[in-house]
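Once you've had a glance at the structure underneath, I'll fire off some questions.
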Amino acid sequence: MSAPGGRVVALDMGEVWTGVAVSDPTRTLARPLEVVRTGELDGLLRRLVREEGVREVLVGMPRTLRGERGFQARWVSDRLGALRAALPEVRFVEWDERLTTKVASGVSREVRGRKARRERVDHLAAARMLQEYLELGGGA
């Protein structure tokens with residue numbers, strides 16, 4: 001399937017919180033957007049499609065270090081199915097997100113100091129995942 005143009009959003013989904021990042025219009029740079037309650041995700045995505053021209057959503061698929069799908073990956077797959085049904089005009093892409101949250105947590109601690117451990121970093125993980133996707137030519 002060819003890329004539909006427009007911005008790309010990346011999601012680092014969790015059962016309670018979801019990190020959101022968005023690309024620039026040229027699909028070159030990713031920026032962390034926010035961390036939202038997962039239950040509010042549908043509304044946020046609808047707004048981003050309408051107001052920001054989002055046409056593609058990259059969804060982090062959590063896998064074990066051995067590359068297997070566990071309980072969390074099955075949960076994300078179920079949620080992804082609901083998002084696809086709610087937003088049929090958007091292209092959804094699964095992306096291996098192994099270690100993105102851990103790396104984002106480390107970067108946040110380096111930048112902000114020890115206090116960052118208590119802060120949500122899911123949007124940083126989403127931005128890292130999205131930047132990797134864009135650099136590898138995803139959606140181009």
Side-chain angles (χ1 to χ4, degrees):
M1 176 186 281
S2 64
R7 293 180 192 253
V8 182
V9 161
L11 305 176
D12 181 24
M13 294 180 68
E15 291 182 42
V16 177
W17 298 103
T18 294
V20 182
V22 66
S23 75
D24 67 325
T26 66
R27 293 177 172 228
T28 305
L29 297 173
R31 72 175 167 88
L33 189 60
E34 62 183 298
V35 178
V36 298
R37 290 204 170 271
T38 299
E40 300 169 2
L41 190 56
D42 290 19
L44 174 66
L45 287 177
R46 286 180 199 283
R47 183 178 60 78
L48 291 173
V49 166
R50 185 178 63 252
E51 297 175 8
E52 300 291 333
V54 169
R55 298 291 173 257
E56 186 171 6
V57 176
L58 185 69
V59 179
M61 189 57 61
R63 296 180 183 267
T64 67
L65 291 177
R66 293 173 44 183
E68 299 165 346
R69 285 186 175 208
F71 170 80
Q72 190 65 22
R74 288 189 296 275
W75 181 86
V76 170
S77 288
D78 290 346
R79 188 71 180 101
L80 178 55
L83 289 173
R84 282 185 167 127
L87 297 162
E89 72 277 20
V90 175
R91 177 179 182 223
F92 287 87
V93 178
E94 293 182 24
W95 192 256
D96 185 351
E97 69 158 20
R98 279 180 276 185
L99 302 179
T100 55
T101 301
K102 186 171 183 137
V103 170
S105 295
V107 169
S108 180
R109 274 194 295 279
E110 286 179 24
V111 172
R112 295 185 180 124
R114 298 179 72 79
K115 180 183 172 196
R117 273 188 233 159
R118 293 184 293 270
E119 295 176 20
R120 304 262 9 133
V121 296
D122 307 275
H123 61 313
L124 301 177
R128 179 177 172 80
M129 184 173 52
L130 179 54
Q131 189 64 50
E132 182 180 292
Y133 177 74
L134 296 172
E135 289 173 1
L136 292 173

Which residue is it: Arg84, Arg79, Arg47? I am looking for the one with a salt bridge (Lys or Arg N to Asp or Glu O under 4.0 Å) to Asp42.
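Per the salt bridge (Lys or Arg N to Asp or Glu O under 4.0 Å) rule, the option paired with Asp42 is Arg79, out of Arg84, Arg79, Arg47.
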Ignoring hydrogens, what is the shortest heavy-atom contact between Ala127 and Arg31? Give both atom names and the distance.
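The answer is CB-C, 4.1 Å.
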Should Leu80 and Val36 be counted in the same cluster of Ile, Leu, Val, Met, Phe, Trp and Tyr side chains packed under 4.5 Å apart?
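In one cluster: yes.
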Within the structure provided, determine whether Val49 and Val90 are in side-chain contact (heavy-atom separation under 4.5 Å).
yes
Donor-acceptor contact below 3.5 Å, side chain Arg55 vs main chain Arg91:
no
Looking only at non-hydrogen atoms, find the nearest pair between Leu124 and Pro32 and report the distance.
CD2-CG, 3.7 Å
May I ask you to decide if Ser23's main-chain N or O and Arg7's side chain share a donor-acceptor pair within less than 3.5 Å?
yes
Determine whether a donor-acceptor pair (N or O, by modelled atom type, separation under 3.5 Å) exists between the side chain of Asp24 and the backbone of Leu29.
yes
For Glu15, enumerate each residue passing the side chain to side chain donor-acceptor pair (under 3.5 Å) test, keeping only those at least two apart in sequence or located in another chain.
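Partners of Glu15 under the side chain to side chain donor-acceptor pair (under 3.5 Å) test: none.
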Nearest atoms (heavy-atom pairs only) where Ala85 meets Pro88
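That would be O-CD, 3.6 Å.
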Quick check on side chain to side chain contact (heavy atoms under 4.5 Å, CB included): which of Val54, Val57, Thr18, Val20 does Leu45 satisfy it with?
Val57
Dump the intermediate steps for side chain to side chain contact (heavy atoms under 4.5 Å, CB included) on Leu87 and Glu89, then the final yes or no.
CA-CA 5 Å; Leu87 297 162; Glu89 72 277 20; 3.8 Å; yes
Between Val16 and Met13, is there shared hydrophobic-cluster membership here, with clusters defined by ILVMFWY side-chain heavy atoms closer than 4.5 Å?
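No, because Val16 and Met13 fall into different hydrophobic clusters, even though each may have its own neighbours under 4.5 Å.
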Check for a donor-acceptor pair, side chain of Gln131 on one end and backbone N or O of Ala30 on the other, with a separation under 3.5 Å.
yes
Check whether any side-chain N or O of Arg128 sits under 3.5 Å from a backbone N or O of Glu97 as a donor-acceptor pair, and report yes or no.
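Flag not set: sc Arg128 to bb Glu97 has no pair under 3.5 Å.
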Determine the minimum heavy-atom distance between Leu11 and Met129, stating which atoms define it.
O-CE, 3.3 Å
Which atom names give the shortest non-hydrogen contact between Ala126 and Ala10, and what distance separates them?
O-CB, 3.4 Å
Step by step, would you call Asp12 with His123 a side chain to side chain contact (heavy atoms under 4.5 Å, CB included)?
CA-CA 7 Å; Asp12 181 24; His123 61 313; over 6 Å; no
Shortest non-hydrogen contact from Pro62 to Ala73?
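That closest heavy-atom pairing would be O-CB, 3.0 Å.
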Under a 4.5 Å side-chain heavy-atom rule over Ile, Leu, Val, Met, Phe, Trp and Tyr, are Leu44 and Trp17 clustered together?
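No; tracing contacts between hydrophobic side chains, which count when under 4.5 Å, never links both residues.
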Hydrophobic cluster identity match, Val35 and Leu83, side-chain contacts under 4.5 Å
no
